[in-house]
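Each ligand, and each atom within it, is numbered from 1 in the order the structure gives.
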Amino acid sequence: MFLIVTLPLNCMIQLNHSTVLNTLSEEDGFILGIETSCDETAAAVLSMDGLLCSNVIASQHEVHRRFGGVVPELASRKHTEQIEEIVQEAIGRARINIRQVKAIAVTQGPGLAGALLVGVSFGKSLAYALGVPVIAVNHLEGHIASAWLAQPDLKTPCVTLVVSGGHTHLYFVPQFQEYQLMGRTLDDAAGEAFDKGAKMLGLDFPGGPALDRLAQSGNPRAVRFPRPYLNRGGLNFSFSGLKTSLLYYLRDVEKKGHECVHADVAAGYQEAIVDVLVEKTFRAVRRSRVNTLAVVGGVSANSRLRWSLKKRADESGVQLILPSLELCTDNAAMIATAGLWAYSQGECAFWDLDAKANLQTRFSPLPKPTDVQFAHQ
Ligand code: KG4
Ligand code: ZN
């Protein structure tokens, strides 16, 4: 019933963040990552010198499909049912003994409170039983860490776009593990725009990938949607108006009895989101005067976005880091990686660690949207 995705062994990846990992080696054991912030139960094992040994993801899409979206209570129950099996699977695939786990990294937030609680409670209990530290990881920093999984010698300064179901945040990363917010969505995240648009087009859950697939057979120029905030708002985004445009478009064609080619509508709608994301992200790269860009999070799996980013990066000579599809959407390999960074700096949590649905990014006191606008106009 659940889709389990694992990285083939030939996909083993070596991290090389010498400044951070200089004192750790494989003899120091392994770090177990656990991710349960939404509807993926995931566990991964990383050696202390950054070798990804296993990455197991159990998706709950089948559970939520008939409701057209994630039902938080069902998500928590499913995490509870399958977390032990997934962790055992990750340990087994890494071919290690559980006693070789020397630290456990869990997603503390942001995400669904009940879902997070399952991972945090399981991680804490297992860490306590093994006598090893537990490390709290911010889900967003996890996504950012996936860029280093994809490109271990990724150099800073760089710009990173985190584009997922809950976030559309542009960061300037002056140096490893330091993040400065340049712009963000003022309302819906890009992933929400995909999911809501897909729903209006009658597509199955999860909407983003379904819309991506449908759009591949459509003409992106057949139906034009507005490019929200393209020429205002500094480096901020706004996607809530776009779904209203889609709603009106669909209502109009139905009222007028016009033919509606859903693949063209999906392609046109997707193109509007992609255009704005790509344009503002490359503006951020230009303004930061850097040559390296990482794009992470579930929406970075979108085929048109990947194509468009690669094209722009080639044209402008920018080094683009796009994690593989398994590392774009939620996974525990990214949590183990961010956990390893924290562990190597002695940042371990206390036993009263609690899940935090609205956990803010510790690295950037979010400026008010107006401040962002003025600062990066
Ligand atoms: O990072 P992620 O797995 O979870 C969050 O942290 O939110 O991102 C999930 C989001 C969902 O909105 C999903 O529809 C979107 O990423 N997504 C996509 C694609 N794959 C996932 N959106 C567009 N095209 C895709 N291929
Ligand atoms: Zn995520």
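Interface atoms of ligand 1 facing Asp212, defined by a heavy-atom separation under 4.0 Å, are 24 (N), 25 (C), 26 (N). The distance from ligand 1 to the heavy atoms of Thr329 drops below 4.0 Å at these ligand atoms: 3 (O), 21 (C).
Between atom OG of residue Ser316 and atom NZ of residue Lys311 there is a gap of 10.5 Å, rounded to the nearest 0.5 Å. Remark: Tyr171 OH to Leu161 CG distance equals 10.5 Å, nearest 0.5 Å. In this structure, the separation between CZ on Arg227 and CD1 on Ile273 is 10.0 Å, given to the nearest 0.5 Å.
Residue pairs meeting the ring pair (Phe, Tyr, Trp, His ring centres under 6.0 Å) criterion with at least one partner in residues 88-136, sequence neighbours excluded, are Tyr128-Trp351.
Under a 4.0 Å heavy-atom criterion, Cys38 is not in contact with ligand 1. Ligand 1 does not have Pro206 within reach: every non-hydrogen atom of the residue lies 4.0 Å or more from it.
For atom 6 (O) of ligand 1, the closest non-hydrogen atom of the protein is His139 NE2, 3.1 Å. With hydrogens left out, the protein atom closest to atom 3 (O) of ligand 1 is Asp330 N, 3.0 Å, a heavy atom. What sits closest to atom 17 (N) of ligand 1 on the protein, heavy atoms only, is Gly298 O, 3.6 Å.
Protein N/O/S atoms closer than 2.8 Å to the Zn ion (ligand 2), listed by chain and residue number, are His139 NE2, His143 NE2, Asp330 OD1.
Checking Asp195, Asn331, Thr107 against atom 12 (O) of ligand 1, the nearest heavy atom belongs to Asp195.
Using a 4.0 Å cut-off between charged side-chain N and carboxylate O, Glu271 and Arg224 make no salt bridge.
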